[in-house]
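Here's the structure we're looking at; comments come further down.
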Protein chains: 2
Amino acid sequence: MEAAIAKSLKAGGKKLTRARKAILAVLERNTLPITVAEVHAGLVKAKTDVDLVTVYRNLAMLQELGLVNAVGFQEGQMRYEVVHGRAHHHHIQCRGCGKILDLMLCPLKKLTKLIEEQTRFSVDGHALEFFGWCPQCR
Amino acid sequence: MEAAIAKSLKAGGKKLTRARKAILAVLERNTLPITVAEVHAGLVKAKTDVDLVTVYRNLAMLQELGLVNAVGFQEGQMRYEVVHGRAHHHHIQCRGCGKILDLMLCPLKKLTKLIEEQTRFSVDGHALEFFGWCPQCR
DNA sequence: CTGTTAAATGCAATCTACTTGCATGTAAGG
DNA sequence: CCTTACATGCAAGTAGATTGCATTTAACAG
Ligand SMILES: [Mn+2]
Ligand SMILES: [Mn+2]
Ligand SMILES: [Zn+2]
Ligand SMILES: [Zn+2]
């Protein structure tokens, strides 16, 4: 458990519970974004029994605190990955097998400025995912 | 009803039904991507009664034929917009009021090539949406 | 260490988006 | 018209996610 995370939680008036430690541990040992069900399965496997609803509530909370990132691929559900210690980046998913890769890049800094000028929105985030066919499924 | 659309349907072995004409009409009179429920509400308002399940089935079919585009913002549901006659583009949504704007641009052509080389995937699509705060919600 | 309390959890019920099965209706072509 | 494959409506079912509430627990003051 990173000290920085404990600090963020405290700053948000949140407690550092058994369930939260375990959820963060599951997320940290997964490089790629995983579903709520996969987080829950990870908890069960680690013999840390946490109700599924607690997983939902904590992922939502961790996302609000900015400790966890939600990624949507068009699967009808979100996936989650830890933010701490990892650079902002994007993903690609295979339409055949669903495999996901990290893409450690982001081309959107300049464009964001342009969009802010053109729309008068203040832009505070974006979602960029690629889709295609991996070598095995091609 | 565009002739090009009728042609695409026929090419896919699909019939040009009352429901389909009405669904496409609703989509065409909306510039911005709308939810399934909004499509259905549009049909009711136009006094064209079509079951919600028929809307789901047709949107899925129209998407497979490439006539309709699904856009996901992180709302727990998809939105749909017609493709025909509109250039490839992206969107921005306000985190406060949910307002959506079209962004008639795409910065990803070159990057797609790079990703194909680096990952050995063949890339056939991407999702790019921006989030932020509109002038009213700021 | 102990008592207090606000936050967190588990369980059951509920909600919402979406899908499936099947009997009936209808567009399209001959 | 007649035929038939495709499309639709209705009802039921599924899966992901949320809510209400009684109980437990982390955090902290004393
Ligand atoms: Mn990632
Ligand atoms: Mn659009
Ligand atoms: Zn980015
Ligand atoms: Zn694009």
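Letters go in sequence order (proteins before strands), and every chain restarts at 1. Model, not experiment: these values are computed from the prediction.
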Return the value, rounded to whole Å, for the distance between atom [atom1] of [X] and atom [atom2] of [N].
| X | N | atom1 | atom2 | answer |
| --- | --- | --- | --- | --- |
| A:Asn58 | C:dT9 | CG | P | 5 Å |
| A:Glu38 | D:dA17 | CD | P | 12 Å |
| B:Leu65 | D:dC6 | CG | P | 14 Å |
| A:Lys21 | D:dA27 | NZ | P | 7 Å |
| A:Met78 | D:dT18 | CE | C1' | 16 Å |
| A:Arg18 | D:dA26 | CZ | C1' | 13 Å |
| B:Gln74 | D:dA17 | CD | P | 12 Å |
| B:Leu59 | D:dT8 | CG | P | 11 Å |

Q) Is A:Ile34 reachable from A:Phe73 through a run of hydrophobic residues whose side-chain heavy atoms are each under 4.5 Å from the next? A)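 Hydrophobic grouping puts A:Phe73 apart from A:Ile34.
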
Would you say [X] places a side-chain N or O within less than 4.0 Å of OP1 or OP2 belonging to [N]?
| X | N | result |
| --- | --- | --- |
| B:Tyr56 | C:dT19 | no |
| B:Thr17 | C:dA27 | no |
| B:Lys10 | C:dG29 | yes |
| A:Lys14 | C:dT9 | no |
| B:Arg20 | D:dA7 | yes |

(Q) Between A:Val53 and B:Thr54, which residue's closest nucleotide on DNA chain D lies nearer the 5′ terminus? (A)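 Result of the comparison: B:Thr54.
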
Q: Tell me what B:Ala19 touches on the nucleic acid: a base, only sugar-phosphate, or nothing, going by heavy atoms under 4.0 Å.
A: sugar-phosphate

Q) At under 4.0 Å between heavy atoms, what does A:Met61 touch on the DNA or RNA strands: base, sugar-phosphate, or nothing? A)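 Result for A:Met61 = nothing.
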
**Q.** Backbone of A:Val44 reached by a side-chain donor or acceptor of A:Thr48 within 3.5 Å
**A.** no

Q | Donor-acceptor under 3.5 Å (A:Thr17 side chain, A:Lys15 main chain) | A | no

Q | Listed nucleotide nearest any side-chain atom of B:Lys15, set D:dC6, D:dT8, C:dT9 | A | D:dC6

Q) Side chain of B:Val36: nearest nucleotide among C:dC18, D:dT8, D:dA17? A)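 The listed nucleotide nearest to B:Val36's side chain is C:dC18.
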
Q. Looking at A:His126 versus A:His90, is the centre-to-centre ring distance below 6.0 Å?
A.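 Judged by ring-centre distance (under 6.0 Å), A:His126 and A:His90 do meet the cut-off.
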
Q | Residue pair A:Val50 / A:Val55: nearest heavy atoms and the distance that separates them | A | CG1-CG2, 4.2 Å

**Q.** A:Asp51 or A:Gly13, whichever maps to the more 5' nucleotide of DNA chain C
**A.** A:Gly13

Q.
On the side chain of A:Arg57, is there an atom forming a donor-acceptor pair with the base of C:dG10 - under 3.5 Å, no angle test?
A. yes

